[in-house]
Amino acid sequence: MAKEFRVTPWEVRGNVDYDKLVRQFGTQHITAEQAREIEELAGQRSRFLDRKIFFSQRGLSEFIEAHRKGKRVALYTGRGPSGGTHLGHLMPYYFTKYLQDAFGCDVYYQLTDDEKYLFKDNLSREDTAKYSLENALDFLAAGFDPARTHVIINTKAANVLYPLALDVAKRVTYSTAKAVFGFDDSTNIGSIFFTAMQSAPAFLPTVLAREKNKKAPPVPVLIPCAIDQDPHFRVTRDVAEKLDYPKPSLIHAKFLPALKGGEKMSASDDSTSIYVTDTPKQVAKKVGGAFTGGQATVEEQRAKGGNPDVCSVCAYLSYFFEPDNEKLTERLDAYRRGELLDGENKAYLTDKINSFLKEHNERKEKARKTLEKTLLC
Ligand code: TRP
């Protein structure tokens, strides 16, 4: 039997069975039709959809439909600033940028510096403030149009978020918070309130539109996020109805696996995640030490072949770094047949990551000039 796994917004443990998680959480798989519709709007395919990296959703068709009818829509995503940016954080930013192009809409990016301060014993408010700015630059570097991008740093934008968070908090009981998030009597009271702050940006586009024009129609929002954030947004969707806002739609990603195999890339184990600040040498070293699906010796691998399904290097190529679908299939097949060895595969991935990071970091440098303009407050 597969080992037990556990997914909450603050902990991902074990080998996640995504089909099981969809049933546990009560979400839906993205259908081929929905993926096709998004790709049609974007005018190009997305490897994140093709390869089911973004795989699950709530209310996605309603969102697409609203856009089709010519309604103004918005995107909302975020990051808990607990450290620098690694590839696991970065990949969804690129998909969100693709969605911004597909829907031609504004994007709201929330940095929950309050959350990370409340939930992590080792972080000071200075730390989370510093990481917020750093993370925002990595977000902008994915190529977002600065005029349509709004960066929300929670403690800075509190004047805008707090009234909305109050509306939410008043309608969520402690018993719901305990049931959804597993809080107990030892949980600090800031953590219990926090989900209200993460809900607030889902309603913000409507509120801002109505500040300009009292009769503005509600703005449907789509939230790209890793599936561990779904519990927050279940609460948001319940409360939306009570507050008469449109329920936000969700599109969920799988986790980028750790290089050393198993669980998602962790911000606390440096050797198993690749950071945007890693040098090409560090990248080569980390990929070199990755867990693969290879055999103990070259001879054995040539004879028996490798197993791409458990191989982290193959997983990284599948997740993002081999953009060409056909080349990817060929590569994985060659690996399975023992024609492609780990050394070669690692060298290939290292090159791909390093050239991607070089370009990303150039865009990040440029983003320093636009950051100020994109801050909501
Ligand atoms: N709580 C998220 C995290 O720890 C950050 C976040 C806030 C977020 N709002 C979001 C993530 C919306 C995705 C979508 O990373």
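Sequence positions, counted from 1, serve as the residue numbers for this chain. Ligands are counted one by one from 1 in listed order, and the atoms in each one are counted from 1 as well.
- Side-chain N or O atoms of Ser132 include none that pairs as donor or acceptor with a backbone N or O of Pro81 at under 3.5 Å.
- The existence of a salt bridge linking Glu241 and Arg171 is excluded, since no basic side-chain nitrogen approaches an acidic carboxylate oxygen closer than 4.0 Å.
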Find all protein N or O atoms under 3.5 angstrom from an N or O atom of ligand 1 and list the pairs with distances, or write 'none'.
| residue | atom | partner | partner atom | Å |
| --- | --- | --- | --- | --- |
| ligand 1 | 1 (N) | Glu115 | OE1 | 2.9 |
| ligand 1 | 1 (N) | Glu115 | OE2 | 3.4 |
| ligand 1 | 1 (N) | Gln198 | OE1 | 2.9 |
| ligand 1 | 1 (N) | Gln229 | OE1 | 2.9 |
| ligand 1 | 4 (O) | Glu115 | OE1 | 3.4 |
| ligand 1 | 4 (O) | Lys116 | NZ | 3.4 |
| ligand 1 | 9 (N) | Tyr76 | OH | 2.9 |
| ligand 1 | 9 (N) | Gln110 | OE1 | 2.9 |
| ligand 1 | 15 (O) | Gly80 | N | 3.0 |

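- The shortest heavy-atom contact between Pro248 and Thr236 is CG-CG2, 3.9 Å.
- Looking at Val168 and Leu164, their side chains never come closer than 4.5 Å, going by heavy atoms from C-beta outward.
- Within the structure, ring-ring contact (aromatic ring centres under 6.0 Å, His included) contacts touching residues 11-38 (residues at least two apart or in different chains) are Tyr18-Phe55.
- Both tests do not hold together for Arg79 against Tyr109: distance to the six-membered ring centre under 6.0 Å, angle to the ring axis within 45°.
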